[in-house]
Number of protein chains: 2
Amino acid sequence: MAVTRKTGEVTIKDIAASLGIAHSTVSRALNDHPHVNPETKARVRRAAQALGYAVNSGARMMRSGASRLVGLIVPDVQNEFYNAAAKIMADYCAGEGYQLVLAVSEDDPEKELQQVQALREARVAGVLVAATASPRRDTIQMLKQLPTVQFLRRHPGIAGHSVRADDVLGIQKATAHLIGLGHRRIGYVGVTEELSTGRARADGYRNAFLEARLKPNAGLMRLGAPRPEFGREALIELLGLANPPTAIVVASPRLMLGVLEGVNRLQLSIPEDLSLVAYSDLDWYRVWQPAITAVALPVADMAATAALFLFRQIQQRSTEGAGSSTPFEPILNPRGSSAALPATLKPVKSARR
Amino acid sequence: MAVTRKTGEVTIKDIAASLGIAHSTVSRALNDHPHVNPETKARVRRAAQALGYAVNSGARMMRSGASRLVGLIVPDVQNEFYNAAAKIMADYCAGEGYQLVLAVSEDDPEKELQQVQALREARVAGVLVAATASPRRDTIQMLKQLPTVQFLRRHPGIAGHSVRADDVLGIQKATAHLIGLGHRRIGYVGVTEELSTGRARADGYRNAFLEARLKPNAGLMRLGAPRPEFGREALIELLGLANPPTAIVVASPRLMLGVLEGVNRLQLSIPEDLSLVAYSDLDWYRVWQPAITAVALPVADMAATAALFLFRQIQQRSTEGAGSSTPFEPILNPRGSSAALPATLKPVKSARR
DNA sequence: CTGAAAGCGCTAACAG
DNA sequence: CTGTTAGCGCTTTCAG
């Protein structure tokens, strides 16, 4: 029954024609404009429904400036943190009548630039981004022009609000937990300090030692790309040391996967041979045997907050955020993978905390 | 330096004005139209770059009918299968100059309808969808009007191509593997038969028995929503039977998570007390102890194929696909969680396959 | 309360 | 090879 024009799509003109009224009236009715006869509104709605009408958001956009799209730029959708965040954000957007446009940067600044460019072309209303370590100048420049909220990672060059976890505190908790269990030779496998998260987490590791009046051992730290392979190699390297660590803090889920591969490869038994603490708590950590001690990030809260701030910025049509909010506090969930250091193995003097 | 108009955005007219040429020439130059002086093209490109121009894809869309957007509708981004697929698809889209619009249905037909509606309003060029069990009439109707490729799940009402795994074969392999190891009382924890995948998988389970000239035991099957809670309860129920299974096939990752929770709750030791085979192979199955036997779906191939078919449909401007392609063959990866049934426990006569 | 008309930025005929 | 012109579907004055 639909009146088809060249494009085959139903337009407000079709509705107008079928009702014998002006298309501008249809537009007003559909947008719930106050000065329209309620009865007319109802008739228009019915006709729209019957004809299978859907607004052409492109055309609408041309008038009103921005689309009902929000860009989400993440390094990796497979990372549980990001996909959990994506879920919440998608939900939130749907609630506000927006759609999420997914852009995966793979931590490659070139891809990131292309993605931002594409989002700009799509005239997204705003962007949620966990940026790469060194975004291109142009990337930063473009993001400046858009309502932008950074989450998890924070790049100082990018304006706008940022929502993050207190990574320093989080890793500090993880490390202090191990120190409290008597460990002194504690390894650290984390992501490169080029990333804000990597830097903060490494600081957290060092802080924990300083707070306990101990000296962090830089020789037990391994920093690299957040990929399982690096985690595996780092673990094997650390355990191959003349004086290997008795516990390890693993600062990212992808690294943890590699570390566990290494654990199996070396046939280590956890926590007897080695205590482990993970950063960012995953579903399956609970069912590993022994269950894995982990520091949980409040993903849901963080994602919701990021979305909230973005919509606030969008509504105010401002491109500047209020700076960064109080960082979210990570929570330590002690489980079976971390245990007190057996006295026999204790390698250094036992300074209790 | 950018010439700003009402919207503050640079348009091709600005570029044209700055160069003293017609805006249509700029358009042609930017679109690499053949009949344009190479030198003019270069000048236009330079000017566009200098002014920070980005096409307004909404405006472009109005002329050319569809946007450079592709919708991706999944029930759950947290499911490893879907996020792996999303990654590949996003990649593929970026390669073709498209952006993925993420829509999460949460297996709720209402949400699905809203998402499809939103995608239609955004005039996406096509849709990749893993549909809910009973999509609304309107949902199906709308998808019919769009280039659509279904993946993983297949709903017969939705036209277009479908890319799926051979779920019957996959679960059959999993079950046959256990039968081959001497198990006879084999439990099955799977998703509801309302879903195409659920139906096929349950069939695979039954087929394996029939092929081995054994009788499947419906009393050992538990079907429900793909959520961990259901998996946990199903396991506990099955193990509470007077004559409990000695092995279990778990037909979805989310269910597997719950099953493993149950395993820990009941303090079962795997594979001594119970053999397990999972469906859909996850990274962390390899590092579980013992490593989990799983049937791997070729996600990457499936996702790439789905994207490929969609772009083919988009290019042909057709809304009909070539029907469903040969289903992808799942591969069994035997690992430590499945072992031969100890003779002492063997409950039935040992018919070897 | 409703209609007529303008114009958003772009592409594509049609003329040169 | 380039300019002129029309018009995509919509919102938004400006008149009634």
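Throughout, protein chains are lettered first and strands after them, A, B, ... in sequence-line order, and every chain is numbered starting at 1.
Rounding to whole angstrom units, NE2 of residue A:His33 and P of C:dC1 are separated by 11 Å. Distance CG (A:Leu19) to C1' (C:dC1): 16 Å, rounded to an integer number of Å. Atoms CG (A:Leu30) and P (C:dT2) sit 14 Å apart, rounded to a whole Å. Spacing between atom CZ of B:Arg60 and atom C1' of C:dC8 amounts to 16 Å, rounded to whole angstrom units.
Between the base of D:dG9 and the side chain of B:Arg63 there is no donor-acceptor pair shorter than 3.5 Å. For B:His23 against D:dT4, no side-chain N or O and base N or O form a donor-acceptor pair under 3.5 Å. No donor-acceptor contact under 3.5 Å links the side chain of A:Ser27 to the base of D:dT12.
For the strand DNA chain C, secondary-structure stems (runs of at least three Watson-Crick or G-U pairs, all distances below 3.5 Å) span C:1-16 with D:1-16.
Comparing B:Ala54 and B:Arg28 along DNA chain C, the residue whose closest nucleotide (by nearest heavy atom) sits nearer the 5' end is B:Ala54.
Checking A:Glu112 against A:Thr132 by side-chain atom types alone, a donor-acceptor pair falls below 3.5 Å. Using a 3.5 Å distance cut-off with no hydrogens or angles, the side chains of B:Arg60 and B:Asn31 do pair a donor with an acceptor.
Side-chain nitrogen and oxygen atoms of B:Thr25 include at least one within less than 4.0 Å of the OP1 or OP2 phosphate oxygen of D:dG3. Taking 4.0 angstrom as the limit, B:Asn56 places none of its side-chain polar atoms (N or O) nearer than this to OP1 or OP2 of C:dC8.
When distances are taken from the side chain of B:Lys13 to each of C:dA4, C:dC10, C:dT11, the shortest belongs to C:dC10. Considering only side-chain atoms of B:Ala59, the nucleotide from D:dG3, C:dC10, D:dC8 that sits closest is C:dC10. The side chain of A:Ala22 approaches C:dG3 more closely than any other nucleotide in the set C:dG3, D:dT2, D:dC10.
A heavy-atom distance below 4.0 Å to DNA chain C is reached by these residues of residues 37-49 of chain A, ordered by number: A:Asn37, A:Thr40.
Between B:Tyr82 and B:Phe151, the two ring planes are perpendicular [angle over 60°; tilted spans 30° to 60°].
Ion pairing between a basic and an acidic side chain is recognised when a charged N comes within 4.0 Å of a carboxylate O; A:Asp138 and A:Arg120 show no such pairing. Using a 4.0 Å cut-off between charged side-chain N and carboxylate O, B:Arg153 and B:Asp107 make a salt bridge. Comment: A:Lys87 engages B:Glu106 in a salt bridge, judged by a side-chain N to carboxylate O separation of less than 4.0 angstrom.
Each of B:Gln315, B:Gln313, B:His161 was scored for a side-chain contact (heavy atoms from CB on, under 4.5 Å) with B:Pro147, with one residue passing: B:Gln313.
Ring centers of A:Tyr98 and A:Phe311: under 6.0 Å apart, within the cut-off.
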